[in-house]
Amino acid sequence: MPEPAPITRRSRVRELYAHPLGRDIVDSLAHQVGRSPRWVDNPLVGALRLGALPRLSGGRLDDAFVDALVGLLAAVPDRPNPGPMPLREAWFKEAVFYQVYPCSFQDSDGDGIGDLRGILSRLDYLKGLGVDALWLSPIYDSPMDDMGYDIRDYRKVLAEFGTLDDLDALIAGLHERGMRLVMDLVVNHSSDEHAWFREALADPDSPYRDYYFLREGEPDTPPNNWRSFFSGPAWRWFPEAGVWGLHLFSSKQMDLNWGSERMRADVVDMVRWWRERGVDGFRLDVINLISKTPGLPDGNETIGALTGFTGLEHYFHGPRLHEHLRQLRAEAFDDPDCVAIGETPAIGAQMGKLMVGDDRGELDMVFNFEHLENPGRTRFDAYRYDLRHLKRYYTRWQADYGDGYWMSLFFDNHDNPRMVSKVDPRSEHRVAVAKLLATVMFTLRGTPFLYQGQELGAVDQRFVALDELRDVESLNLAAELAATGTPPDEVFARVLAGTRDHTRVPMAWDASGGFTTGVPWLAGDGGHAEINVASQEGDAASVLEWHRALIALRRDSPALVYGETLVERSGSRVWRYRRRRGAEEYLVVLNLGDRPARTAPPPAGAELLLASGSGTGSLAPYEARLWRLG
Ligand code: NOJ
């Protein structure tokens, strides 16, 4: 294939669209405004030069923006493999993953904090649900400024969670049951209490000095204009050393410098150490952020205003990202059975393909987040999520991801409120919405990731005051809004819409909780008295049994795992797709709205396997139906 011409200000919009990052940007903008990106095919639009965008945008985009865009595209020379690639079968494609948030799953010693022994005691529940692999959020030693995503010692377990022996017992318990363990690998940053950072700060000649981004300077002038994801500037002043330190997240999470060869070698060592303990894979926290533009230049203000994060273009897909990922794969988890799942905020479909393509030697899957909010919305907006967005998003990705690429499928995790509540907070629709989302997760092509409580249809919490919240992101945002004069009730409403604490509350095992005999570390009332494991187990109409049935069906159906996805034409409020492999075929029909909807009957001879409503005639609000066609 001829080398694509480099993108310059004189390049045309159609060349931009032929570039993976350019295409992601255009697709995402089109998606945001609810338009098809195919307008790029219009010869007039396609022929526009990038340099003309400021004039055509009526001043909304400036020359500096075009330069930043061109610079970004120039930094991505790779293209996804356009040729067909064979479908590679793998355990992680067939598996159902379940994310455990250690603080809140099961407490075994009554201190109100979940722990490893508690998790061990619940493995039979997970096995019974049909879970194949457990993804454990961080259990490492940490001051817990960001709930363990600020690691003080990568080779030690936090005392409240237990010991390394407990972890070994958990690994053995999982393996005995034919299940696997995926650990969180948090190496974009470490805690400011990590020994590396303490030494780097204390001694300018320390070998650890270049493990971080430390810059000498003046207390009033941060080295650049980058903003932190958790409010305020991305720089913290350390008066004792007269230096600034870079932190893209909380001021206690110091960014590691992946430009340092020694730092990378230490990370590789540490990962190998965990592999030797029997860990089966890793979920790599914000892994696309690890490579930063050398020199850490200022971020473009327009990009900052558009995304909310000034500086983003200098690290969301840095110049050495692929090189670093390949090194990790080759040196730390070269075994094809070791799964590597990248958490990759701000990465679109095409750039994702550059990380997960079978020809790339980097990651197996990524978590992308575009489907979690409706166009133009952010997590901190209170609104009703329109499921038509989900249909458009997955239709696009499923069509685009051929046999050489694999997707993750998820809705809930520890960083987001409950999807069920976002779609429809009315309790009379909870069960139907939860079943619809589960149907999507277990019948599309990709690996499903459940988050604890999702299998029960858990909802957001009725927090009543800010002081009930624990999450650093929420508390920083509240402080920032208050400082700019936002009235307290508005501050609370905004934080409540998006707080990560909604999903961080303890798991509800029975009507009285069943999580701890002590006082739970995080309170919250999400209707646990009704929405709990004990009340749903054995009840055929429950959300929990719906999950069990879907998981069991998927396990026995190669078409639901590996089959192609064929979207059928339907009204916009109905989503119909088939999954087919060889002679095995299924039809899924979903009502995306809160009113009954008409849809064509299935082909003659179809066998109805599951229906969350009556299964015949018009679809009830949010009804999901699944047929076997052959
Ligand atoms: C993503 C994690 O999921 C989130 O909980 C954390 O705050 C950030 N990365 C920073 O580690």
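In each ligand, atom 1 is the first atom listed, and ligand 1 is the first ligand listed.
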Checklist entry - Are Arg504 and ligand 1 in contact, using a heavy-atom cut-off of under 4.0 Å? => result yes

Checklist entry - Would you call Phe230 a ligand 1 contact, heavy-atom distance under 4.0 Å? => result yes

Checklist entry - Aromatic rings Trp91 and Phe97: how do their planes relate, parallel, tilted or perpendicular, breaks at 30° and 60°? => result parallel

Next on the checklist: Below 30° counts as parallel, above 60° as perpendicular, anything between as tilted: where do the rings of Trp509 and Tyr125 land?
Outcome noted: perpendicular

Checklist entry - If you measure from atom 10 (C) of ligand 1 to every heavy atom of His189, Arg283, Glu473, Arg500, which option wins on shortest distance? => result His189

Checklist entry - Heavy-atom distance to atom 2 (C) of ligand 1: which of Asp146, Asp285, Ile151, Asn188 wins? => result Asp285

Item to check | Test: Glu473 and Arg379 ion pair at under 4.0 Å | outcome: yes

Checklist entry - Under the 3.5 angstrom rule, does the side chain of Arg227 hit a backbone N or O of Thr310 as a donor-acceptor pair? => result no

Checklist entry - For atom CD of Glu240, is the number of surrounding heavy atoms from other residues, nucleotides or ligands below 6.0 Å larger than 12? => result yes

Checklist entry - Considering only the protein, which heavy-atom contact is closest to atom 3 (O) of ligand 1, and what is its distance? => result Asp415 OD2, 2.4 Å

Checklist entry - Of all the atoms in ligand 1, which lie at a distance below 4.0 Å from a heavy atom belonging to Glu343? => result 1 (C), 3 (O), 9 (N)

Next on the checklist: Please list, in number order, the atoms of ligand 1 under 4.0 Å from a heavy atom of His414.
Outcome noted: 2 (C), 3 (O), 4 (C), 5 (O)

Checklist entry - Should the proximity of Gln253 to ligand 1, defined as any heavy atom under 4.0 Å, be assigned to the side chain, the backbone, both, or neither? => result side chain

Item to check | Closest heavy-atom pair and its distance - Arg329, Asp335 | outcome: NH2-O, 4.0 Å

